[in-house]
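Heads up: the structure comes next, in structure tokens.
One-based numbering along the sequence shown. Keep in mind that this is a model prediction, so the values were computed, not measured. Every heavy atom of this structure was used, including side-chain atoms; hydrogens, water molecules and symmetry mates were not.
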Amino acid sequence: MYYNSLIETIGNTPLVKLNRLAEGIKGTVLVKVEYFNPGNSMKDRMALKMIEDAEKAGILKPGGTIIEGTSGNTGMGLALVAIAKGYKCIFTLADKQSQEKIDILRAMGAEVIVCPTNVSPEDPRSYYSVAKKLNKDIPNSFYPNQYDNMSNTAAHYETTGPEIWKQTEGKITHYAAGVGTGGSMCGTTKYLKEQNPDVISVGIDTYGSVFKKYKETGIFDENEIYPYMTEGIGEDILPKNVDFSLIDNFIKVTDKDGAIMTRRLAREEGLFVGWSCGSAVHGALEYAKENLKEDDMMVIILPDHGTRYLAKVYNDNWMKDHGFLEARDFATAKDIITRKNGSDKLYTVTKTDKIGQVIRMLNKEGIDQVPVVENNHFVGSISTAKLLEKLIEDPEIREKEVSEVMDNPMPFVAMDNTLDVLSSMINKDNKAVLVRDQAHEVHIITQHDLLMAMSN
């Protein structure tokens, strides 16, 4: 027996039991290892489905160009399909993606355009916007848009769900997956719940993403959004493929916890997988410890292979540089806030406040910098150093508004970021950082706070 092309080998990936990592957990914990797909990720499934559906609809014609914004794995799947079917590919990626992903896509003949991460989706520089513009400008091109293309969900409804049901002989009680575009989470869950409505779905989210709060409150809170490093899960948008009615629970996982679990999967289970796989397993196991019973069976999907992350989570120096693998113990943002014990009241100003008012407030409260807010959003910052510089240039500036002199907003950081990471973020451009606690209260961490923490 032989296959006519590599894309015919997509799907039918194995289920493997977790042993060491699931010790002490009631029930059975299985992982579906998607790196057995030819492109080494589960994205092969929906890449093929999106292209075949576009061909059937007459949207994609022979000799056309596939243009997509991707975190890397979807691009790989699309590149394989393009090679088999004779299409060209252009992919846009955010600059947080690993160099390995970029190199692999170029090796597969694709053109790769790297775009900045820390911009809004509507910004013309974002990888979403660049892909859309290229699709508009290039004749006979197709923009799959994995976020809103429902063929994404359909691919997993038609393949991943039935495979898991068959492989577990219908005994699955819990399904866990990272939520990014939403296709693998919701397509698989939809099928499984149709077979057994009691199947519980657990979505894994990351800090800096909007999903968990939106599920629990119905509020799209832009204050939840801040840069994070984990690739492939979480979003600052609400993709159409994310059907929140199908997701029973969300668990948030930090960059650090996901990265450490990724390495443990390799060392303790022999599973050389990607970063979001570690996040999925960490979050799923946290849920399982409290909720799984003896006869329960949980399946966690592992999206991709570790080769995409050799320079990151599998690199000791990179891990140490980011405070994920410490040479010594460092305090975290959470530790700093806890030690303040409520003494770190956050003072803010608005864009329309007068500079004179701000100067008086800074002097009265004995602080050096303050965030600028508008409609509960952090839109800028202002510091004594900047004010002094402006006052020397123009003594009459006191009557002007904050909006005329404010700097960029202070960046948000995760609660588990360590001192060495925080210190690298506080510089001449960022006078302080902000952190949101579990009660959604915002705290400020300054250079003085770091010095105090280091001296303890």
Do the side chain of Trp275 and the main chain of Asp255 share a donor and acceptor less than 3.5 angstrom apart? yes
Mind checking whether Pro116 and Asp95 have side chains closer than 4.5 Å, heavy atoms only? yes
Sub-4.5 Å side-chain heavy-atom contact between Ile444 and Leu434: yes
Should the heavy atoms of other residues, nucleotides or ligands under 6.0 Å from NZ of Lys213 be counted, would the total exceed 12? yes
Asp248: what forms a salt bridge (Lys or Arg N to Asp or Glu O under 4.0 Å) with it, not counting sequence neighbours? Lys193
Among Asp137, Ile90, Asn145, the one residue meeting side chain to side chain contact (heavy atoms under 4.5 Å, CB included) with Ile67: Ile90
Would you give the length of the straight line joining atom OG1 of Thr350 to atom CD of Glu401, rounded to the nearest 0.5 angstrom? 8.0 Å
Is the shortest side-chain N to carboxylate O distance from Lys386 to Asp407 below 4.0 Å? yes
Using only atom types and a distance under 3.5 Å, with no angle test, would you say the side chain of Asp335 pairs donor to acceptor with the backbone of Thr332? yes
With sequence neighbours excluded, give me every ring-ring contact (aromatic ring centres under 6.0 Å, His included) pair touching residues 126-151. Tyr128-Tyr147
Step by step, work out the side chain to side chain contact (heavy atoms under 4.5 Å, CB included) result for Phe36 and Thr9. CA-CA 9 Å; Phe36 279 86; Thr9 68; over 6 Å; no
Looking only at heavy atoms, the pair that brings Val199 and Leu192 closest together is CG2-O, 4.1 Å
Please step through side chain to side chain contact (heavy atoms under 4.5 Å, CB included) for the pair Met229 and Lys312, ending with a clear verdict. CA-CA 10 Å; Met229 289 181 283; Lys312 290 190 174 183; over 6 Å; no
Asp353 side chain to Val402 backbone, donor-acceptor under 3.5 Å: no
Is any side-chain heavy atom of Leu78 closer than 4.5 Å to a side-chain heavy atom of Phe91? yes
Closest heavy-atom contact between His156 and Pro162? O-CD, 4.1 Å
To the nearest 0.5 Å, tell me how far Ile247 CD1 sits from Ile200 CD1. 14.0 Å
Enumerate the residue pairs fulfilling ring-ring contact (aromatic ring centres under 6.0 Å, His included) with a member in residues 49-85, sequence neighbours excluded, ordered by first and then second residue. none
Looking at every non-hydrogen atom in both residues, tell me the closest pair between Lys212 and Lys252 and how far apart they are. CD-CG, 3.5 Å
Can any side-chain N or O of Asn241 pair as donor or acceptor with the backbone N or O of Thr153 at less than 3.5 Å? yes
For the pair Ile367 and Met361, evaluate side chain to side chain contact (heavy atoms under 4.5 Å, CB included) and give the outcome as yes or no after the intermediate values. CA-CA 9 Å; Ile367 53 179; Met361 188 265 283; 4.0 Å; yes
Gly178 to Ala280 - nearest heavy-atom pair and separation: N-CB, 4.2 Å
What verdict does the side chain to side chain contact (heavy atoms under 4.5 Å, CB included) test give for Val358 and Ile382, after you've listed the backbone C-alpha separation in whole Å, the side-chain angles of each residue and the deciding distance to 0.1 Å? CA-CA 9 Å; Val358 176; Ile382 195 162; 4.1 Å; yes
Please indicate whether Gln447 has more than 12 foreign heavy atoms, meaning atoms of other residues, nucleotides or ligands, lying under 6.0 Å from its CD. no
Going by atom types only, do Thr307 and His305 share a side-chain donor-acceptor pair under 3.5 Å? yes
I'd like to know if the side chain of Lys88 and the backbone of Gly63 have a donor-acceptor N/O pair within less than 3.5 Å. yes
Do Pro239 and Phe211 come within less than 4.5 Å of each other through their side chains, counting heavy atoms only? yes
Looking only at side chains, do Asp123 and Ser126 share a donor and an acceptor under 3.5 Å apart? no
Can you tell if the side chain of Leu310 reaches within under 4.5 Å of the side chain of Asn315, non-hydrogen atoms only? no
Side-chain touch Tyr191/Thr160, heavy atoms, less than 4.5 angstrom: no
How long is the span from the CG atom in Leu80 to the CG atom in Asn40, to the nearest 0.5 Å? 9.0 Å
Determine, for Arg45 against Glu34, whether the closest basic-nitrogen to carboxylate-oxygen distance falls under 4.0 angstrom. yes
For the atom pair CD1 (Ile104) and CE (Met76), what is the distance rounded to the nearest 0.5 Å? 6.0 Å
With no hydrogens and no angle check, do the side chains of Lys49 and Ser151 hold a donor and an acceptor under 3.5 Å apart? no
Strictly by ring-ring contact (aromatic ring centres under 6.0 Å, His included), give each pair with a member in residues 368-390 just once, sequence neighbours left out. Phe378-Phe412
Under 3.5 Å, side chain of Lys32 to main-chain N/O of Thr13, donor-acceptor pair present? yes
For the student: nearest non-hydrogen atoms of Val313 and Met319, plus distance: O-CG, 3.6 Å
Under a 4.0 Å N-O cut-off, is there an ion pair linking Glu194 with Lys190? yes
Qualifying residues under ring-ring contact (aromatic ring centres under 6.0 Å, His included), relative to Phe250, sequence neighbours excluded: none
Salt bridge present between Glu404 and Lys390 (N-O < 4.0 angstrom): no
Give a yes or no on whether the backbone of Glu235 and the side-chain of Ser209 come within a donor-acceptor separation of less than 3.5 Å. yes
Assess Lys215 against Phe244: is NZ or CZ under 6.0 Å from the centre of the six-membered ring, and within 45 degrees of the ring's axis? no
Taking C-beta and beyond as the side chain, do Tyr175 and Met185 meet within less than 4.5 Å on heavy atoms? yes
For Thr254, is there any backbone N or O sitting under 3.5 Å from a side-chain donor or acceptor partner on Asp257? no
So, do Val81 and Met50 sit near enough that their side-chain heavy atoms are less than 4.5 Å apart? no
Option from Thr181, Thr74, Asn73 for which side chain to side chain donor-acceptor pair (under 3.5 Å) with Gln146 holds: Thr74
Ion pair Asp316/Arg263, N-O distance below 4.0 Å: yes
N/O donor-acceptor pair under 3.5 Å between Ser141 side chain and Thr65 backbone: no
Look at the side chain of Asp148 and the backbone N and O of Lys240, then say whether any donor-acceptor pair between them is shorter than 3.5 Å. yes
What's the shortest heavy-atom distance between Leu346 and Pro371, and which atoms? CD1-CG, 4.0 Å
State which residues pass ring-ring contact (aromatic ring centres under 6.0 Å, His included) with Tyr87; sequence neighbours excluded, sorted by chain then number. none
Look up atom OG in Ser279 and atom CD in Glu231, then write down how far apart they are to the nearest 0.5 Å. 10.5 Å
Looking at NZ of Lys133 and CZ of Arg125, how far apart are the two atoms once the value is rounded to the nearest 0.5 Å? 15.0 Å
